[in-house]
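Okay, so here's the structure we're looking at.
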Amino acid sequence: MKTIKDLGELTGKRVLVRADFNVPLDGTTITDDGRIRAALPTINALREAGAKVILMAHLGRPKGKVVPELSLAPVAKRLGELIDANVALAKDTYGEDAQAKVAAMNSGDAVMLENVRFNPEETSKDAAERSAYAKKIAQLADAFVSDGFGVVHRAQGSNCAIAEFLPSAAGLLVEKEVNALSKATQNPERPLTVVLGGSKVSDKLGVIENLLDKADRLVIGGGMVFTFLKAQGCEVGTSLLEEDMIDTVRKYIETAKNNNVEIVLPTDIVVNAAFPAADAVIAPETVSADAIPADKMGLDIGPESQKLFHDKIVDSKTVVWNGPMGVFEVAQFADGTRAVAQGLVDASKNGAFSIVGGGDSASAVRNLGFDENGFSHISTGGGASLEFLEGKELPGLKVLD
Ligand code: ADP
Ligand code: MG
């Protein structure tokens, strides 16, 4: 994969940077600027190298139309505050205003192009259409840097097709993500423990299949665990269950046995009468994993399992975690996720390499008050990190080879 160094001398060069600025907004207020901050190393490095930095990104789902509420204006403003410089926002992505704003740039300046998804070609299924559009953006610049890790699993105009027309390289964020995820999945220091949770088995089939022969240990919690428990003959009450996955899961358990991969399942479960809706009564109780009452729903792993999972994680040299252990959004069902996160922190203290992948897992870590520095790496790309863990070739990375 080419990196910024491969682009050579950048003084006075116009560099297009695809970033992931898809931040949560409340009106025009950015409620979490983490994604903007994640792009700063690349933006600063390019500005220090004397480049003219032209930023492009998407925000929300405008579906190929100009939606004023999804303008990147709040992002340009926030970025300006973070780099202590004016970041002009062009009214369009490659039209007259973009051209004029770029023409007026000096070395070290930063300009932002308007939301790339205001253009229907950006996400068009037709590759020729994406190319023709990307060519117009490419005419604004001398080089392309891909730094939006959150979009590298999509073949779109501003992150993929653009590389056909310009010398291209990975930015520092993409480089960091790829290095961390590769370190965990290719030649990991052992034991490698993979912790999987989240809502459904069917969302994580690819990850399980890819890691089943690589991991030493698979720790399973979250909504998907009930299909595993059912596959082993336990009743799961009204818990999330994917009937059509039971046979598949049985095969996984068999394969794991043959490969000497340890599968760790919870021994106790926190249940409630129903899914915790805003107005519902929450009266959690802990039951044995093989004795879930017929009218109860499993919403977290119990205290005994929390300790078990924590200890298995600490006893690892590499830990990859994807998917919360319970409905962590509700305080009464967040303890399992907290125990796993603490396990990663404690493993890291012992010198292990720990990775958090998945959008909800990353936000759980932050919402539960963990210091991000306690983990070796928290991926910024939910879908992209998942597809990386599935062992898929990501189109936005392939074009940087
Ligand atoms: P990630 O984004 O980290 O990959 P997922 O999207 O797969 O994670 O899953 C996250 C969701 O799984 C959370 O919203 C959480 O509430 C839900 N979840 C976890 N455990 C359960 C459970 N026992 N029952 C229902 N939903 C669950
Ligand atoms: Mg998710």
Side-chain angles (χ1 to χ4, degrees), residues 22 24 32 34-35 149-150 153 177 181 194-208 210-211 219-230 234-242 245 249 265-278 280 282 284-287 289 292-293 296-302 305-306 309 319-341 344 354-368 370 372 375 377-390 392:
N22 194 23
D32 179 359
R35 286 186 163 153
F149 184 72
H153 60 311
E177 290 273 6
L181 291 163
V194 176
V195 187
L196 290 177
S199 37
K200 294 197 213 143
V201 184
S202 49
D203 289 343
K204 307 285 162 85
L205 288 180
V207 183
I208 302 177
N210 186 40
L211 297 179
V219 176
I220 310 225
M224 69 161 73
V225 84
F226 302 102
T227 306
F228 277 78
L229 291 173
K230 181 83 181 183
C234 299
E235 290 308 321
V236 298
T238 59
S239 310
L240 200 68
L241 173 69
E242 287 171 278
M245 286 290 137
V249 165
L265 298 178
T267 54
D268 56 349
I269 300 287
V270 180
V271 300
N272 193 50
F275 195 82
I282 300 178
E285 64 185 281
T286 300
V287 300
I292 299 176
K296 292 280 161 75
M297 182 181 283
L299 296 167
D300 196 9
I301 57 171
S305 312
Q306 290 162 28
F309 283 20
V319 193
V320 177
W321 171 33
N322 173 277
M325 293 294 105
V327 181
F328 72 95
E329 295 93 337
V330 178
Q332 288 95 327
F333 307 110
D335 288 344
T337 303
R338 187 179 286 109
V340 161
L344 267 79
S354 65
I355 288 204
V356 184
D360 290 293
S361 312
S363 76
V365 161
R366 293 192 189 97
N367 294 346
L368 294 175
F370 283 88
E372 292 181 33
F375 305 85
H377 184 71
I378 302 179
S379 181
T380 57
S385 65
L386 209 59
E387 291 199 18
F388 195 102
L389 296 176
E390 289 173 7
K392 282 194 187 150

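Note that ligands are numbered from 1 as they come in the structure, with each ligand's atoms numbered from 1 the same way.
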Around [atom], find the nearest protein heavy atom and jot down its residue, atom name and distance.
atom	value
atom 21 (C) of ligand 1	G223 N, 3.3 Å
atom 19 (C) of ligand 1	G326 O, 3.1 Å
atom 6 (O) of ligand 1	D360 OD2, 2.9 Å
atom 26 (N) of ligand 1	V327 CG2, 3.8 Å
atom 8 (O) of ligand 1	P324 CD, 3.5 Å

Determine whether L181 and I355 make a side-chain contact, defined as any pair of heavy atoms from C-beta on separated by less than 4.5 Å.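 Yes, close enough: below the 4.5 Å cut-off.
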Tell me whether E390 is salt-bridged to K204, with the criterion being a basic N under 4.0 Å from an acidic carboxylate O. no
Is it the side chain (CB and beyond), the backbone, both or neither of L386 that lies under 4.0 Å from ligand 1, heavy atoms counted? neither
For ligand 1, the portion of F333 having any non-hydrogen atom under 4.0 Å away: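 For F333, no heavy atom sits under 4.0 Å from ligand 1.
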Are any of the heavy atoms in K204 under 4.0 Å away from ligand 1? yes
Between the Mg ion (ligand 2) and D360, which N, O or S atom of the residue is the nearest one?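 Of all N, O or S atoms in D360, the Mg ion (ligand 2) lies closest to OD2.
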Taking distance alone, with no angle check, do [X] and ligand 1 share an N/O pair under 3.5 Å?
X	answer
E329	yes
D203	no
G298	yes

Closer than 4.0 Å to some heavy atom of [X] - which atoms of ligand 1 meet that?
X	answer
F226	23 (N)
G323	3 (O), 8 (O)
S199	7 (O), 9 (O), 12 (O)

